Amino acid sequence: MTLGDPIQEFLQRLTPMTRGNLLTELERLEICGDEIPGSAEILAKLRAEFRKDGSAQNRPAYPAKYFFAPLEPLLVDSAPEHANTGRIQRGSLAAIWEWTCRDLLPTMARDYVKKIEESITSDNPREARQVASTFQTKVVKYLENTLGSPDGEGQTRAKLATYTASPAAYGDLTKILCVLRARDALAKFDEALPASIAKFDDGRISKITALLDALGKKHADAVPFGLTLLAHRLKTPWHLILLAAKAAPTKNAADIAATPYAITVAMVLDRLEDKRAALRFALKTERVLVAKQTLIEIYDMEYALQIHIDLLEQSDWGERLRNLMSAIAALVEAEVSRFPDKIDHILGSRSLRRHQSLAGRLSYLAWKGRDALSEGAAYCKKLLSHPEKSSA
């Protein structure tokens with residue numbers, strides 16, 4: 001498809017706001033791997049109109065940038081099909097901002113934009129942040145009233161649908177409400193975290209758990225976002241599941257699911273989903289070395305889930321993992337099958353599954369041995385605390 005006269009005329013009939021929303025939607029689909037065939041020329045034209053440098057990155061204007069600043073560490077560019085616990089789709093922000101300014105609080109939004117621009121003109125970022133904070137508080141109150149009304153959810157979904165086709169938009173709006181409501185507590189939690197966590201040992205887990213417990217007492221619904229902030233500090237993001245594993249009496253999936261931080265398993269699976277999308281994109285763009293590294297990380301995450309959770313295959317987590325790994329195997333098979341059988345493809349190498357090596361198997365045995373000791377000690381402690389049960 002080329003940008004012929006009919007399409008040119010169609011784009012010119014659209015309002016600037018609609019053309020801007022079209023650009024946002026096309027870029028969202030491109031990120032998700034669902035771009036419309038032949039849309040490259042339309043994207044180039046719209047980018048040239050809205051961005052002087054023709055860049056592919058959607059840079060929000062200063063009013064929106066300051067308003068959404070507390071969300072920045074929680075934003076993710078990925079497909080909206082899965083829940084993305086504790087994270088918010090970057091692609092939802094443009095639609096939510098337009099809805100806020102045009103439908104939710106049009107008059108207050110105009111005043112906010114004017115004050116922000118005055119602060120920026122006078123080179124006073126501190127004042128701009130204060131103006132944004134005041135407007136955030138107003139939006140939170142209005143959102144609570146709007147979404148709390150009998151028809152609020154349905155009307156809001158319908159309005160958002162005029163700005164974006166993303167199925168994640170309404171869910172992201174409720175997440176934004178949660179984050180803005182707890183923004184000060186989340187900022188305090190983030191400041192208390194170490195700059196980097198290379199080793200997530202028992203001592204560190206206990207300290208982080210205490211911080212999360214304190215956050216949860218005041219803002220229980222903000223805990224997933226606190227976990228996302230923590231994941232940014234972890235050198236190995238799948239270590240999140242250790243919070244749940246540490247709190248469980250055994251490694252059985254059912255026991256881990258009963259802990260306060262069982263949600264971390266779903267969050268790790270979300271990241272595995274992201275890796276699958278990254279692998280698909282790397283293969284599509286023929287970046288084989290990037291695909292190789294991504295596949296190694298995928299296999300490492302799969303192994304970590306299997307080694308730290310017993311009876312995983314019998315749980316909902318196990319079913320989701322199986323589906324993900326089947327989709328990943330299909331991607332790899334499709335890539336490998338492009339070459340003759342006599343040519344060994346790098347993605348088909350067994351060495352990518354590092355846990356199947358001798359060192360990997362020894363590590364597995366070491367983990368199992370340590371777990372047996374730990375669970376045995378826990379069982380003995382339980383018997384000592386209830387001697388009457390052991391003698392019965």
Side-chain angles (χ1 to χ4, degrees), residues 15-17 20-21 23-24 50-53 55 57-77 86-149 152 155-156 159-160 162-164 169-193 215 218-219 221-222 225-226 228-229 232:
T15 65
M17 184 196 79
N21 287 341
L23 173 59
T24 300
F50 289 97
R51 301 170 198 151
K52 293 181 179 179
D53 61 355
S55 66
Q57 183 180 3
N58 187 10
R59 298 173 182 172
Y62 280 111
K65 182 179 179 180
Y66 273 95
F67 179 79
F68 290 126
L71 312 179
E72 188 59 39
L74 308 171
L75 298 180
V76 61
D77 293 311
R87 299 187 296 176
I88 298 168
Q89 294 283 343
R90 190 184 299 273
S92 297
L93 299 190
I96 290 172
W97 178 247
E98 291 289 346
W99 172 76
T100 300
C101 294
R102 294 178 178 272
D103 298 299
L104 184 66
L105 293 170
T107 303
M108 290 184 182
R110 283 194 296 271
D111 292 341
Y112 163 71
V113 170
K114 181 180 178 181
K115 290 178 181 178
I116 279 285
E117 291 176 346
E118 290 173 351
S119 299
I120 294 170
T121 301
S122 61
D123 193 22
N124 193 341
R126 181 177 180 181
E127 181 182 74
R129 287 192 293 271
Q130 182 57 49
V131 170
S133 179
T134 300
F135 187 54
Q136 287 163 358
T137 300
K138 293 177 180 178
V139 169
V140 165
K141 291 180 179 178
Y142 272 78
L143 274 178
E144 289 175 338
N145 292 332
T146 299
L147 301 184
S149 64
Q155 292 175 357
T156 301
K159 283 290 185 179
L160 284 174
T162 64
Y163 298 107
T164 179
Y170 181 79
D172 285 333
L173 176 65
T174 61
K175 291 179 181 180
I176 289 171
L177 171 60
C178 174
V179 172
L180 292 182
R181 195 159 42 200
R183 61 188 184 275
D184 292 337
L186 284 169
K188 182 179 179 181
F189 171 81
D190 194 37
E191 290 175 0
L193 292 174
L215 173 65
K218 294 184 177 180
H219 302 279
D221 53 356
F225 303 105
T228 296
L229 295 175
H232 288 313

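Only a predicted model underlies this, so the values are computations on that prediction, with no experimental measurement involved.
Between Tyr112 and Phe135, the ring-plane angle classifies as parallel under the 30° and 60° cut-offs.
Looking at heavy atoms from C-beta onward, Phe68 lies out of side-chain contact with Leu75 at the 4.5 angstrom threshold. The shortest side-chain heavy-atom distance between Ser133 and Arg129 does not fall under the 4.5 Å cut-off. Proximity of Met108 to Tyr142: side-chain heavy atoms (C-beta onward) are separated by under 4.5 Å at one or more points. Counting heavy atoms from C-beta outward, Leu143 and Leu173 have side chains that approach closer than 4.5 Å.
Judged as a side chain to side chain donor-acceptor pair (under 3.5 Å), and not counting sequence neighbours, Thr174 has no contacts. Take Thr146 and apply the side chain to side chain donor-acceptor pair (under 3.5 Å) test, not counting sequence neighbours, and it matches no residue. With sequence neighbours excluded, the residues satisfying salt bridge (Lys or Arg N to Asp or Glu O under 4.0 Å) with Asp103 are Lys159. Partners of Asp111 by side chain to side chain donor-acceptor pair (under 3.5 Å), not counting sequence neighbours: none found.
Checked against Glu72 for a salt bridge (charged side-chain N to carboxylate O under 4.0 Å, His left out), the options Arg87, Arg90, Arg183 give a single hit: Arg90.
Within the structure, every pair that satisfies the salt bridge (Lys or Arg N to Asp or Glu O under 4.0 Å) test and touches residues 134-149, not counting sequence neighbours, is listed here: Glu144-Arg181. Residue pairs satisfying the side-chain hydrogen bond (donor to acceptor under 3.5 Å, both in side chains) criterion with at least one member in residues 117-128, sequence neighbours excluded, are listed as follows: Ser119-Glu127.
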